[in-house]
Every structure is written in C-alpha cells, then in structure tokens.
**Q** 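Below: one structure in structure tokens.
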Protein chains: 2
Amino acid sequence: MQKRISVTPDSTRCSTCMLNEICLPLGMQRGDVNKLDELIKERIRIAKGSALFQLGDPTEAVYGIRSGSLKTQLEDSSGQVQITGFLLPGEIIGMDGLLDNTHVSNAIALEDSEVCVIRIDELDELSHHLPVLQQQLRRLMSKEISRSHQLVMSLGALRSEQRLAAFLINLSQRLSTLGYSPSEFILRMSREEIGNYLGLTLETVSRLFSRFAREGLIRVHQREVHILDMGGLRLLSGTDCG
Amino acid sequence: MQKRISVTPDSTRCSTCMLNEICLPLGMQRGDVNKLDELIKERIRIAKGSALFQLGDPTEAVYGIRSGSLKTQLEDSSGQVQITGFLLPGEIIGMDGLLDNTHVSNAIALEDSEVCVIRIDELDELSHHLPVLQQQLRRLMSKEISRSHQLVMSLGALRSEQRLAAFLINLSQRLSTLGYSPSEFILRMSREEIGNYLGLTLETVSRLFSRFAREGLIRVHQREVHILDMGGLRLLSGTDCG
DNA sequence: CGCCTCTTTGATAAAAGTCAATCAGGGTGG
DNA sequence: CCACCCTGATTGACTTTTATCAAAGAGGCG
C-alpha cells in the first residue's frame with residue numbers, strides 16, 4: 001500500500017512546487033529554497049486507509065504532504081485510539097517521533113496521498129550549508145505545538161457545538177490557503193473520525209451537523225459541506241479558532 | 001516580579017547542575033554538556049503568581065526550569081483561558097512561540113521559581129561548534145508535541161475519573177524522576193487549575209479527590225496528596241498514562 | 001480574631017453518551 | 001441492469017456524566 005518514488009531532476013522539486021509558500025519552505029528566501037531541492041530525494045504514495053508510519057516504527061524522516069490528506073492518531077495498549085490531527089497538503093507530519101527516533105503515533109491516509117520524504121540525517125547534513133534550515137524545522141515544530149495546544153483548548157474549554165464550529169472554520173481556512181473554496185468542500189473523514197478528534201460521539205457530531213443546517217449556518221449532505229453563514233459559525237464557536 | 005541574574009563562572013552551570021540528565025542536556029555526551037555552559041548566561045527569578053512571559057511578548061529565548069514550577073496557558077480574545085501544561089524543574093518552557101518569535105501563551109509561576117535563559121540566537125551561534133545542540137532542541141520540541149498529544153488523548157478519550165487518575169500518576173512519575181517521593185507530594189496548583197487543565201470544573205475535581213480517598217486509592221488533605229494504591233489508580237486510569 | 005480564599009459537599013439541571021431503529025448510497029454479484 | 005448488502009449517517013428515546021448553583025467549612029495571614 002506504500003510506493004516509494006525517486007525524485008528525478010525533472011520531477012517537481014521544492015523550488016517549483018505549488019506548495020512552496022506553505023510547506024517546509026515557508027518564509028524562506030528564494031535562493032535558499034533552491035538549495036532545498038537537494039533534500040527531497042524521494043516521495044511516497046500511500047493508498048487510502050493504509051499507514052505512512054505506525055507506532056513503534058523507527059523515525060528516519062518527517063514528511064511534507066504533497067497531495068491527499070492523512071490523520072495522525074495515538075493508540076494506547078488497550079487499543080483505545082485518539083486522533084490528534086487531520087493533515088492537508090503543505091503540512092508536515094511525523095514530528096512527534098523525533099524524541100528518540102521512534103514513532104509514537106500512526107499516520108493513516110484518508111484518501112490516496114503522496115508525501116515528500118524529508119530525511120532527518122540529510123536535513124542535518126544540508127544544514128551545514130543552509131543554516132536557516134534548522135530554524136525552519138524549529139518553526140514548523142513550534143507550529144505543531146501551538147496547533148496541538150489549540151486542540152487542547154478546544155477539547156478542554158469548548159462545548160460540543162463550539163468545537164464543531166471551530167473545526168469547520170479551521171478546515172475552511174486551511175483549504176482556502178490551498179486555493180480551494182472556503183465555503184464548499186468535501187470532508188475526507190467520517191463522522192466517527194470527526195467525533196473522535198473532537199472528543200464527541202459520532203451521533204453528537206451528526207446531530208450537530210443537522211442542527212447547524214436547520215439553523216441555516218451550513219448545508220450538508222453526507223460529506224459535502226457548504227458554509228452558508230461564516231459569521232454565524234464564528235459567533236457560535238465563540239473563539240478566534242485555531 | 002522578575003529578577004534577572006547573571007550566571008558567573010562560579011555559579012552552577014549545566015555541567016554541574018543536578019538536573020543535568022533531565023533538562024536540556026538530556027542524553028548528551030559529557031564533553032558536549034561542558035560546552036553547553038557557554039549558552040546559559042542568565043537566569044530569571046519569578047515570584048509566585050507572576051509571568052515569565054505573556055501572550056504577544058517577543059520570543060527571545062526558551063527557558064529551562066531550575067526550581068519551582070509554572071503553568072502555561074492559552075488565552076483567547078474573550079479572555080477564556082486553557083491551561084496547557086504544568087512544568088517542573090528540568091522541563092523546558094516557551095517552545096511554542098518559535099513560529100514567528102512571538103509568544104502565543106502565558107507562563108505563570110505557581111510558586112517562586114527560577115529558570116535558565118536559553119537564548120535562541122546564542123543557541124544558533126553555539127550550534128556551529130556543537131551541532132548536536134540543534135538535535136537536542138529538536139528532541140525536546142518533539143517531546144513537547146507528544147506531551148500535548150497525550151493531553152489531547154486524555155481530554156478526548158478519558159472520563160473525568162480517568163483524567164484525574166492519569167494526572168496524578170503522571171505527576172508522581174515526574175516528581176519521582178526529580179528524586180522526590182512518588183507517593184507523597186504537595187500540589188502546587190489549585191483545584192480550579194487542575195480542573196481547567198483537565199477540562200473539568202473545580203467541583204468535579206474536588207469530588208473526585210474525595211471519592212478516590214473514600215475508595216482508599218489516595219489520602220488527600222487540601223493540597224497534600226498521598227498515593228496509597230498506585231496499582232488501583234493505574235487500573236482506574238485505564239491507560240499507560242502519558 | 002476575623003476576613004478572605006480555597007475547598008468540600010449537596011441538590012438540581014444541562015449536556016452529551018448510549019442503545020436502537022431506520023435511512024441513504026455505493027459497490028457487487030446474480 | 002437491477003436487487004441486495006454493507007457501511008456510514010441520521011434520528012429518536014432514554015441514561016449517565018458532568019456542570020451549575022448554593023451553602024457551609026477550613027486554613028492562612030494580617
């Protein structure tokens with residue numbers, strides 16, 4: 001279910017990638033981004049439902065998502081699962097796991113996806129000639145810490161309707177950054193996955209979708225969502241929505 | 001309420017610090033730790049209740065806690081607060097905030113505390129001569145990501161009693177690492193702060209303490225906690241407790 | 001000693017979960 | 001090609017958990 005692909009000189013590289021401004025190169029100088037091309041030597045295709053990495057696997061790399069979407073989830077010894085993130089193109093996955101180079105979570109594709117392999121050893125190597133690269137990874141890790149803290153805030157301080165509203169707004173914003181419509185999108189995850197992520201049951205999520213629709217905030221049909229009243233959603237969420 | 005202290009040659013340094021094995025130097029070679037001494041030029045004393053940094057402050061450093069304890073909390077525009085961590089000696093604080101060098105949380109001392117200042121610019125500087133240092137920070141940031149994910153799991157997947165049990169076990173383990181008793185300790189935070197952290201109300205926390213005591217799992221008197229039945233607590237928590 | 005803050009405990013209400021039935025689509029095989 | 005089946009989604013009735021409101025108790029500090 002995984003297929004490794006070599007990146008040849010004529011493949012798309014960081015310097016020519018559309019996700020340039022969002023992904024690893026976020027905020028880097030043009031010239032430096034060109035040097036990044038040396039870093040990405042391989043990509044991996046992952047089929048829907050299969051794992052990019054799993055709990056206990058050695059961490060040799062982190063991954064920039066090129067297309068598709070994935071979820072990350074913790075799994076404890078009793079098999080209990082908690083989804084900790086839904087990741088979209090341009091986002092980096094696998095940065096937990098760098099404590100002692102062992103993955104502590106699973107990363108599973110929500111649809112057929114492709115990721116760029118950022119090998120840690122090569123990152124350290126390249127950093128000698130491109131010192132800004134270490135700072136870059138640091139910024140991305142810091143972002144992941146903040147993101148996770150936001151999720152903690154959502155789970156700890158918001159009520160179910162606020163969580164779902166904040167979730168939709170957050171998705172909308174991220175899709176918008178990628179150039180997609182902020183008001184119409186297809187959810188790649190099930191009600192159960194949304195519920196797990198937000199600390200709710202799938203029934204509660206389903207009921208909330210119906211209620212939001214009844215109140216004219218959204219239109220929803222299965223996994224297709226239209227946001228009709230972004231202002232209303234924001235108001236409902238009661239936060240600035242991380 | 002903050003007092004900056006220069007670290008003189010005869011002060012305690014990383015190489016002679018008791019927290020050597022836990023803090024920034026975690027897992028580093030002896031020789032490398034000696035080089036770390038150049039990095040820490042300043043410490044800060046923070047009085048109980050006052051802030052080490054606040055939302056919006058520029059991030060010039062991260063901080064290793066030398067003594068005392070702090071909490072970190074997010075605060076949204078409506079003033080709603082969510083505590084995202086209680087930090088003990090040897091732990092690093094301030095690693096969110098490295099995305100664009102602005103703090104996105106508050107760090108407040110739970111008791112009079114002292115932290116070592118790890119300036120980011122000096123860290124980058126020293127890294128030229130001590131490449132392992134970047135990896136070190138990376139590991140600590142990865143650890144913070146995992147820690148936060150564990151908290152997400154606690155908030156999203158556990159019931160109130162499991163959360164509090166897991167919280168006590170986690171505290172016990174960390175205090176034990178510091179050489180304190182794993183079974184007797186003083187909580188530095190109020191019921192309200194514990195509740196906020198765990199996504200519960202202070203009343204629920206108080207009731208749970210009473211219930212655990214009634215069931216013989218702990219003895220508790222105000223902020224003094226004795227763990228009587230660690231096995232029972234573990235069983236109750238239903239997890240491997242991050 | 002008395003005030004103030006934190007904690008405990010109780011009664012009640014609200015939120016979200018559980019159990020159960022039905023519905024809708026998509027894919028498969030006859 | 002269509003019926004059927006399987007999975008995921010919706011909706012309802014009821015239960016459990018946790019929050020809210022309220023009052024009283026315990027320490028600590030001036």
Side-chain angles (χ1 to χ4, degrees), chain A residues 47-49 71 80-83 108 110-112 154-168 186-215 217-226 236-238, chain B residues 47-49 71 80-83 108 110-112 154-168 186-215 217-226 236-238:
Chain A
K48 175 175 176 167
K71 63 175 172 180
Q80 173 123 270
V81 160
Q82 173 67 45
I83 296 174
I108 296 168
L110 295 174
E111 58 190 311
D112 293 352
S154 178
L155 292 170
L158 302 188
R159 305 153 17 78
S160 61
E161 71 217 26
Q162 299 180 300
R163 290 184 213 174
L164 187 64
F167 171 74
L168 288 174
I186 306 284
L187 299 170
R188 298 302 176 174
M189 64 296 282
S190 68
R191 299 290 188 267
E192 182 165 23
E193 286 170 323
I194 296 172
N196 181 295
Y197 177 68
L198 297 177
L200 303 169
T201 58
L202 67 98
E203 292 96 330
T204 299
V205 172
S206 179
R207 276 187 249 271
L208 287 170
F209 271 119
S210 302
R211 199 184 106 198
F212 287 1
R214 219 178 309 127
E215 292 170 350
L217 295 167
I218 63 173
R219 218 144 35 84
V220 57
H221 181 65
Q222 307 279 112
R223 297 195 178 182
E224 202 180 312
V225 175
H226 290 231
L236 182 66
S237 83
Chain B
K48 175 173 177 170
K71 63 175 171 179
Q80 172 123 267
V81 159
Q82 173 68 45
I83 296 174
I108 296 166
L110 296 175
E111 57 190 311
D112 292 351
S154 179
L155 292 170
L158 302 188
R159 304 151 26 76
S160 61
E161 71 216 27
Q162 299 180 300
R163 289 184 214 173
L164 187 64
F167 171 75
L168 289 174
I186 307 284
L187 299 171
R188 298 302 176 176
M189 65 297 283
S190 69
R191 299 291 187 265
E192 182 166 22
E193 287 169 322
I194 297 173
N196 181 295
Y197 178 68
L198 297 176
L200 304 169
T201 56
L202 70 97
E203 292 96 331
T204 298
V205 172
S206 178
R207 275 186 249 272
L208 286 170
F209 272 118
S210 302
R211 200 183 104 197
F212 287 0
R214 220 178 308 128
E215 291 169 351
L217 295 167
I218 63 175
R219 219 143 36 82
V220 57
H221 182 67
Q222 306 280 113
R223 297 196 177 183
E224 201 179 313
V225 174
H226 289 232
L236 182 66
S237 83

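These numbers come from a predicted model, not from an experiment. Chain A is the first sequence line, chain B the second, and so forth, proteins listed ahead of strands; every chain is numbered from 1.
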**Q** Would you confirm whether Arg163(B), through its side chain, and Leu198(B), through its main-chain N or O, come within 3.5 Å as a donor-acceptor pair?
**A**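 A pair under 3.5 Å: yes.
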
**Q** Please state how far atom CD1 in Ile194(A) lies from atom P in dG8(D), giving the value in whole angstrom units.
**A**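 Ile194(A) atom CD1 is separated from dG8(D) atom P by 13 Å.
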
**Q** Report which part of the nucleic acid Ser206(A) touches: base, sugar-phosphate, or nothing (heavy-atom distance under 4.0 Å, all strands).
**A**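 The answer is base, as Ser206(A) lies within the cut-off (heavy atoms under 4.0 Å) of a base atom.
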
**Q** Using whole Å, report how far CG of Leu202(B) lies from P of dA26(D).
**A**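 After rounding, the gap between these two atoms is 18 Å.
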
**Q** Could you list, one pair per line, each protein nitrogen or oxygen that sits under 3.5 Å from a nitrogen or oxygen of nucleotides 19-24 of chain C, together with the distance?
**A**
unit_1  : atom_1 : unit_2    : atom_2 : d
dC19(C) : N4     : Glu203(A) : OE2    : 3.1

**Q** At their closest point, which heavy atom of Tyr197(A) faces which heavy atom of Leu155(A), and how far apart are they?
**A**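 Smallest interatomic distance, heavy atoms only, reads O-CD2, 3.8 Å.
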
**Q** Would one find a side-chain N or O of Ser160(B) under 4.0 angstrom from OP1 or OP2 of dT18(D)?
**A**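 True: Ser160(B) side-chain N/O within range (under 4.0 Å) of dT18(D) OP1/OP2.
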
**Q** Taking CZ from Arg214(B) and C1' from dG10(C), how many angstroms apart are they, rounded to a whole number?
**A**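 After rounding, the gap between these two atoms is 12 Å.
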
**Q** Hey, mind stepping through Leu187(A) and Glu193(A) against side chain to side chain contact (heavy atoms under 4.5 Å, CB included) and telling me if it holds?
**A** CA-CA 11 Å; Leu187(A) 299 170; Glu193(A) 286 170 323; over 6 Å; no

**Q** In whole angstrom, give the distance that lies between atom CD of Glu193(B) and atom P of dC6(C).
**A**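 Answer to the nearest Å: 9 Å.
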
**Q** Work out which heavy atom in Leu236(B) is nearest to a heavy atom in Ala165(B); give both atom names and the distance.
**A**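 In terms of heavy atoms, the two residues are closest at CD2-CB, 4.2 Å.
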
**Q** Would you classify Gly195(B) as touching base, sugar-phosphate or nothing, given that sugar-phosphate means primed atoms plus P, OP1 and OP2, and contacts are heavy atoms under 4.0 Å?
**A**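 Answer is nothing: Gly195(B) stays at 4.0 Å or more from every strand.
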
**Q** Should Thr204(B) be listed as having a side-chain N or O under 4.0 Å from OP1 or OP2 of dA19(D)?
**A**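 Affirmative; the distance criterion is met.
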
**Q** Taking only the side-chain nitrogens and oxygens of Arg159(B), find out if one of them lies under 4.0 Å from OP1 or OP2 of dT17(D).
**A**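 Arg159(B) to dT17(D) OP1/OP2: side-chain N or O found under 4.0 Å.
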
**Q** Measure from CG on Leu155(B) to C1' on dA16(C) and round the result to the nearest Å.
**A**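 It works out to 16 Å between those atoms.
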
**Q** Look at the side-chain N and O atoms of Arg223(B) and state whether any lies under 4.0 Å from the OP1 or OP2 oxygen of dG27(D).
**A**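 No, Arg223(B) has no side-chain N/O under 4.0 Å of OP1/OP2 on dG27(D).
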
**Q** Any idea which of dT7(C), dT9(C), dA19(D) is nearest the Leu200(B) side chain?
**A**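 Shortest atom-to-atom distance from the side chain points to dA19(D).
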
**Q** Mind calculating the distance between CZ (Phe209(B)) and P (dA26(D)) to the nearest angstrom?
**A**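 Result: 19 Å.
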
**Q** Give one of base, sugar-phosphate or nothing for Thr201(B), where a contact means two heavy atoms less than 4.0 Å apart.
**A**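 Here Thr201(B) touches the bases of the nucleic acid.
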
**Q** Is there a donor-acceptor contact under 3.5 Å from the side chain of Gln162(B) to the main chain of Arg159(B)?
**A**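 A pair under 3.5 Å: yes.
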
**Q** Using a cut-off of less than 4.0 Å, is there contact between a side-chain N or O of Arg191(A) and OP1 or OP2 of dT10(D)?
**A**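 Answer yes for this pair, as a side-chain N or O of Arg191(A) is under 4.0 Å from OP1 or OP2.
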
